[in-house]
Amino acid sequence: MGRVIAWLARTGSPPENMNIAIVGGGIGGLATALALIQAGFTVTVYERSAELVDQGAGITLAPNATRVLYHLGLGPQLEETSVTPPQTEYRHYRTGAVIMRMMTRNFLQMYGAPYMRLHRWDLQHAMITRLTEVAPGALRLGASVEQVEPRGERVALKFADGGEVTVDVVIAADGIRSAIREALFHPAPPVFAGFVAWRGLVDTAVLPPHLCESAVAFGQGRHINRYLVRRGELLNFIAVAHRDKWEAEGWMIPAPLDEFLAEFASFDEGTRTVISRPVRGQVYKWGLFGRPWLERWSSGRVVLLGDAAHPMLPFLGQGAANALEDAMILTRCLVAESTPERAFALYQQTRAPKVRAATEQAAQRGHRYLGEPNADSLKGNEPGAEYAYDAVAGPLGG
Ligand SMILES: Cc1cc2nc3c(=O)[nH]c(=O)nc-3n(C[C@H](O)[C@H](O)[C@H](O)COP(=O)(O)OP(=O)(O)OC[C@H]3O[C@@H](n4cnc5c(N)ncnc54)[C@H](O)[C@@H]3O)c2cc1C
């Protein structure tokens with residue numbers, strides 16, 4: 001309520017009079033909707049998928065990410081299904097020898113927010129349930145935005161089915177292949193980053209207990225990260241290998257299991273046992289892509305957020321975390337400033353240095369993983385300053 005009064009005093013009109021469209025119902029778009037609604041704004045999320053489906057993958061949420069999710073009221077649901085491992089071991093791919101340990105159970109005391117491992121669907125489901133509770137009808141599925149047309153202080157969105165809406169502000173959270181970014185900001189497509197990834201989920205009931213753990217095995221330009229999700233009922237793995245080229249698009253491409261296992265045949269027996277038992281024998285593969293750094297994330301009343309603004313390689317486990325931080329900071333900037341344009345400038349000023357550093361760090365880590373597996377190649381894997389970043393109450397501005 002205090003925020004609404006402050007907004008009224010500055011702008012003379014209540015925030016719900018500003019009509020905001022969010023394009024994309026991924027982690028960034030849903031978090032932005034929840035944060036804006038919490039601050040009193042009127043929001044509609046347009047998501048192109050006709051239904052949101054379980055994509056069979058896990059996600060790591062560091063304290064800087066969970067801090068935002070707790071603020072949005074999602075803590076209790078996430079606690080029901082997440083796993084906080086006591087530690088993650090980094091091991092030599094062939095011998096299994098431990099090279100480094102990251103202790104994670106004490107992160108709540110260290111950073112004021114926990115470290116969580118989740119099934120992506122459990123996170124998405126918690127966010128959608130909350131959005132449906134606080135703003136029934138705010139999420140429109142099967143709404144694919146084809147065109148964005150600035151019209152003075154308004155913006156028109158044109159949909160694939162021929163429909164059109166005109167709004168005050170558009171937040172483009174349409175992911176790494178953002179069509180809005182390409183239309184209004186930078187016309188070039190994403191660039192292949194030189195890595196291919198495979199993922200799968202294993203029912204822990206079919207694994208020996210000592211393999212149901214958090215561990216990363218790496219060497220020979222490859223690595224496999226595995227961790228428990230969904231109350232420990234499933235183990236998620238992501239395997240990455242270096243490649244010179246990649247042509248397929250999308251991240252639901254089924255991969256033949258024998259081809260995948262052959263790629264990682266030199267790994268230690270425990271790791272091979274885990275990856276040989278995915279649920280229904282199903283493994284998916286996809287190429288990792290990046291984009292050049294974008295100096296400006298807004299144009300008039302349109303602003304980019306999450307992967308649409310700044311995709312980063314997954315080696316830091318911070319892509320979704322940065323989308324969640326964007327959601328919180330952009331909301332606070334819209335509350336703090338008298339016009340969307342001023343808010344977007346403050347948002348960019350607050351976020352760009354932090355996000356750029358994370359993007360560069362993620363790329364460097366990927367390249368270090370290509371080298372010999374030793375303490376040197378793991379430098380920088382210790383918890384960093386990013387875990388302490390406070391998007392909820394930290395300062396705005398540079
Ligand atoms: C292998 C891998 C592992 C990762 N692991 C982690 C991790 O452990 N921790 C972490 O923090 N991050 C991780 N990430 C990164 C994280 O998944 C992304 O950064 C995050 O999902 C970005 O969220 P987003 O909302 O910006 O984009 P997305 O999640 O891609 O959402 C974009 C949404 O927009 C919709 N959309 C697209 N175009 C249109 C349109 N024209 N009209 C309407 N809707 C549209 C899409 O359907 C989609 O729902 C990982 C990424 C990869 C590839």
Side-chain angles (χ1 to χ4, degrees), residues 21-33 44-53 55-66 68-69 88 115-120 123-124 127-128 139-148 157-161 163 170-183 190 193 195-200 214 216 223-225 227 229 236-240 250-252 284-290 304-327 330 355 358-359 362 366 386-387:
I22 297 172
V23 181
I27 295 169
L30 292 172
T32 308
T44 306
V45 181
Y46 297 100
E47 165 56 46
R48 73 173 163 199
S49 310
E51 56 176 333
L52 294 171
V53 291
Q55 295 180 324
I59 189 162
T60 297
L61 295 173
N64 54 317
T66 58
V68 174
L69 293 166
T88 296
Y115 185 82
M116 286 180 165
R117 253 107 189 231
L118 285 145
H119 193 300
R120 267 177 192 255
L123 172 62
Q124 209 174 351
M127 295 177 102
I128 294 166
L139 176 60
R140 307 274 169 86
L141 296 177
S144 181
V145 173
E146 291 235 307
Q147 243 181 300
V148 177
L157 286 180
K158 294 184 175 174
F159 296 91
D161 66 2
V170 170
I171 299 172
D174 50 345
I176 185 168
R177 296 193 176 272
S178 169
I180 297 180
R181 174 181 170 129
E182 285 178 27
F195 298 95
V196 174
W198 293 257
R199 71 177 186 279
S214 269
V216 186
H223 69 267
I224 301 181
N225 185 1
Y227 54 85
V229 297
N236 174 69
F237 66 78
I238 297 179
V240 179
W251 85 314
M252 292 295 280
Y284 296 99
K285 64 178 173 180
W286 73 109
L288 303 185
F289 283 74
L304 302 175
L305 180 139
D307 278 8
H310 48 69
M312 62 182 73
L313 290 173
F315 306 118
L316 209 58
Q318 282 283 318
N322 275 281
L324 291 165
E325 290 174 352
D326 283 358
L330 178 58
V355 177
T359 307
E386 68 269 16
Y387 289 6

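All ligand and atom numbering here is 1-based and tracks the order in the structure.
The protein heavy-atom contact nearest to atom 14 (N) of ligand 1 is R120 NH2, 3.6 Å. With hydrogens left out, the protein atom closest to atom 47 (O) of ligand 1 is E47 OE2, 2.7 Å, a heavy atom. Scanning all protein heavy atoms for the shortest distance to atom 42 (N) of ligand 1 gives V145 N, 3.0 Å. Counting only heavy atoms of the protein, atom 16 (C) of ligand 1 lies nearest to A320 N, 3.6 Å. Ranking protein heavy atoms by distance to atom 45 (C) of ligand 1, first place goes to R48 CG, 3.8 Å. For atom 3 (C) of ligand 1, the nearest non-hydrogen atom of the protein is P314 CB, 3.6 Å. Residue, atom and distance of the protein heavy atom nearest to atom 25 (O) of ligand 1 are G28 N, 2.8 Å. Remark: minimum distance from atom 34 (O) of ligand 1 to any protein heavy atom is reached at G24 CA, 3.2 Å.
Residue contact check for ligand 1: A321 places a non-hydrogen atom closer than 4.0 Å to it. At a 4.0 Å cut-off, not a single heavy atom of A65 sits close enough to ligand 1 to count as contact.
When atom types are taken as modelled, the side chain of R199 and the backbone of G56 share a donor-acceptor pair closer than 3.5 angstrom. Remark: the backbone N or O of L118 is not paired with any side-chain donor or acceptor of Y227 at under 3.5 angstrom. For E47 (side chain) and S49 (main-chain N/O), a donor-acceptor pair under 3.5 Å exists by modelled atom type. Although no hydrogens or angles enter the test, the distance criterion places a donor-acceptor pair under 3.5 Å between the side chain of R181 and the main chain of A309. No donor-acceptor pair closer than 3.5 Å links the side chain of N225 to the backbone N or O of I238.
Within 6.0 Å of CZ on F289 lie more than 12 heavy atoms contributed by other residues, nucleotides or ligands.
No part of S178 comes within 4.0 Å of ligand 1, judged by heavy-atom distances. Using a 4.0 Å cut-off between heavy atoms, E146 makes no contact with ligand 1 at all. At a heavy-atom distance under 4.0 Å, no atom of L52 approaches ligand 1.
For the pair L288 and ligand 1, the shortest N or O to N or O distance does not fall below 3.5 Å. Looking at I176 next to ligand 1, no N or O pair under 3.5 Å apart turns up. Considering backbone and side-chain N/O atoms, W286 never comes within less than 3.5 Å of an N/O atom of ligand 1.
Scanning both residues, L305 and A323, for their nearest heavy atoms gives CD2-O, 4.1 Å.
Residues in residues 311-321 take part in these side-chain hydrogen bond (donor to acceptor under 3.5 Å, both in side chains) pairs, two or more places apart or across chains: N64-Q318.
Remark: ligand 1 atoms within the under-4.0 Å shell around heavy atoms of A173 are 32 (C), 33 (C), 34 (O). Close approach of ligand 1 to Y46 is summarised as follows: ligand atoms under 4.0 Å from at least one heavy atom of the residue are 43 (C), 44 (N). For ligand 1, the atoms sitting less than 4.0 Å from at least one non-hydrogen atom of G317 are 7 (C), 9 (N), 10 (C), 11 (O), numbered in the order shown with element in parentheses. Residue G306 approaches ligand 1 through these ligand atoms, each under 4.0 Å from one of its heavy atoms: 26 (O). Atoms of ligand 1 lying under 4.0 Å from any heavy atom of I59, numbered from 1 in the order shown and given with element: 7 (C), 8 (O), 9 (N). Atoms of ligand 1 found under 4.0 Å from any heavy atom of Q318, numbered from 1 in the order shown, are 10 (C), 11 (O). Which parts of ligand 1 touch A143 is read off a 4.0 Å heavy-atom cut-off, strictly below it: atoms 42 (N), 43 (C). Interface atoms of ligand 1 facing T60, defined by a heavy-atom separation under 4.0 Å, are 7 (C), 8 (O), 9 (N), 10 (C), 11 (O).
To the nearest 0.5 Å, atom CG of residue D174 and atom CZ of residue R48 are 8.0 Å apart. To the nearest 0.5 Å, the span separating CG on L52 from CE on M127 amounts to 11.5 Å.
Between W251 and W286, the ring-plane angle classifies as perpendicular under the 30° and 60° cut-offs. Under the 30°/60° scheme for interplanar angles, the aromatic rings of F195 and F315 are found to stand perpendicular.
Nearest-heavy-atom check against atom 27 (O) of ligand 1 across A179, G175, G26 picks out G175.
Scored by the side chain to side chain contact (heavy atoms under 4.5 Å, CB included) test, A160 finds S144, E146 as partners (sequence neighbours excluded).
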